[in-house]
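Below is one structure, written out as structure tokens; comments come after it.
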Amino acid sequence: MQIVAIANQKGGVGKSTLAVHLAWLALEQARPVLLVDLDGQANSSRTFADEFTGLLASTLFTEKPGSITGSPQAISEQLSLIPADMAINDVEGLELESIERPAVHLRALTLAPETLVIIDTPPTLGRRLLSALIAADAVVSPVALNGYSIQGITDLQKTIQTVIRRFNPRLKNIGLLANMVNSRSATHTRMLAELREALGDKLLPVTLGHRVAISDAIDNGRPVWQHSRGESAQRAAQEMRGVCTAILEKLP
């Protein structure tokens, strides 16, 4: 089992979009996938299910180790889901020790050894994001090229290093993914160059453009590389598949 967290405390940077596309690519590679949604908006959950049953995300925090009941929701033979429920937002008020429970619960599940577990996190530096980092083998952080998003990079990187030092020394920081990049924007070009100079190999060499085809594909319940028509859509498909492939190849 490999666990990858998609993390950034800023909203609107494409965490759920990346999470569901990673799931789709892994499924195409014949890998079992468990998607864990810790974001109360439940966008990644709703991509795969209209109704939620089985083990719910809040239970990972509220139940003590060894006492959890229920199983992830089976979406297909190879895909299962632990969906975000209404109570998931309330876990931010739980005792601090709750942040270590999801790691224990997830690793206690009966899953095939080759299962890829993908954790979609909320846009906040709280207990849920910390718990995902504690549980994960690897973390990747989508970032949008705007001032407000980039200002949070330093805090996020410090948080990742703290988790590695105090809770999870096996955590691999895959790096930051520049998302929604407008290649025609001089501002984006400048900001991307500044990030590469400042972050070095912590910024992934692949990027994702800002393309409507991606959101359209998700609205239709499919990856952007399926049934893509038109030059922009085909470029979006090529970029997204390339990004997801690069991330999966970097998993420890």
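Treat the numbers as computed from the prediction; the structure is a model and nothing was measured. Numbering starts at 1 and runs along the sequence shown.
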* Donor-acceptor pair between Glu239 and Trp225 side chains, under 3.5 angstrom -> no
* Asked: Heavy-atom distance under 4.5 Å between the side chains of Ser80 and Ile75, does that happen here?
  -> no
* Examine the side chains of Asp85 and Ser58 and answer whether a donor and an acceptor come within less than 3.5 Å of each other. => yes
* With side chains defined as the heavy atoms from C-beta onward, is the minimum distance between Val36 and Leu81 less than 4.5 Å? -> no
* Might you confirm whether atom CD of Gln238 has over 12 heavy atoms from other residues, nucleotides or ligands at distances under 6.0 Å? => no
* Side-chain contact test, heavy atoms from C-beta onward, threshold under 4.5 Å: evaluate it for Val139 versus Ile6 and give yes or no. => no
* Heavy atoms, side chains only, cut-off 4.5 Å: are Leu25 and Arg31 in contact? -> no
* Indicate yes or no: does Glu95 engage Arg101 in a salt bridge with an N to O separation below 4.0 Å. => yes
* Separation of Ile82 CD1 from Leu60 CG (nearest 0.5 Å) -> 5.0 Å
* Are Phe61 and Leu133 co-members of a hydrophobic cluster defined by side-chain heavy atoms under 4.5 Å apart? -> no
* Asked: Going hydrophobic residue to hydrophobic residue with side-chain gaps under 4.5 angstrom, can you get from Val243 over to Val33?
  -> yes
* Side-chain donor-acceptor contact under 3.5 Å, Asn43 with Ser16 -> no
* Under a 4.5 Å cut-off applied to non-hydrogen side-chain atoms, are Ile99 and Arg128 in contact? -> no
* To do: Output the distance between atom CG (Leu156) and atom OG (Ser141), rounded to the nearest 0.5 Å.
  => 4.5 Å
* Asked: Under a 4.5 Å cut-off applied to non-hydrogen side-chain atoms, are Arg107 and Met1 in contact?
  -> yes
* To do: Indicate, with yes or no, if Leu208 and Leu192 share a hydrophobic cluster defined by side-chain heavy-atom contacts under 4.5 Å among Ile, Leu, Val, Met, Phe, Trp and Tyr.
  => no
* Are Leu129 and Ile134 grouped together when hydrophobic residues (ILVMFWY) are joined by side-chain heavy atoms under 4.5 angstrom apart? -> yes
* Asked: Got a donor-acceptor contact below 3.5 angstrom from the Gln73 side chain to the Thr53 backbone?
  -> yes
* Are Val206 and Leu203 grouped together when hydrophobic residues (ILVMFWY) are joined by side-chain heavy atoms under 4.5 angstrom apart? -> no
* To do: With rounding to the nearest 0.5 Å, note down the distance linking CD in Gln41 to CD1 in Ile88.
  => 13.0 Å
* **Member of Arg166, Arg170, Lys172 meeting the side chain to side chain donor-acceptor pair (under 3.5 Å) criterion with Asn168** => Arg170
* Asked: Would a distance-only check, ignoring hydrogens and angles, find a side-chain to backbone donor-acceptor pair under 3.5 Å from Thr159 to Asp155?
  -> yes
* Taking atom types as modelled, is there a side-chain donor on Gln161 or Asn173 under 3.5 Å from an acceptor on the other? -> no
* To do: Determine whether more than 12 heavy atoms belonging to other residues, nucleotides or ligands lie under 6.0 Å from atom CD of Glu197.
  => no
* **Value rounded to 0.5 Å, distance of CD1 in Ile214 from CE in Met180** => 9.5 Å
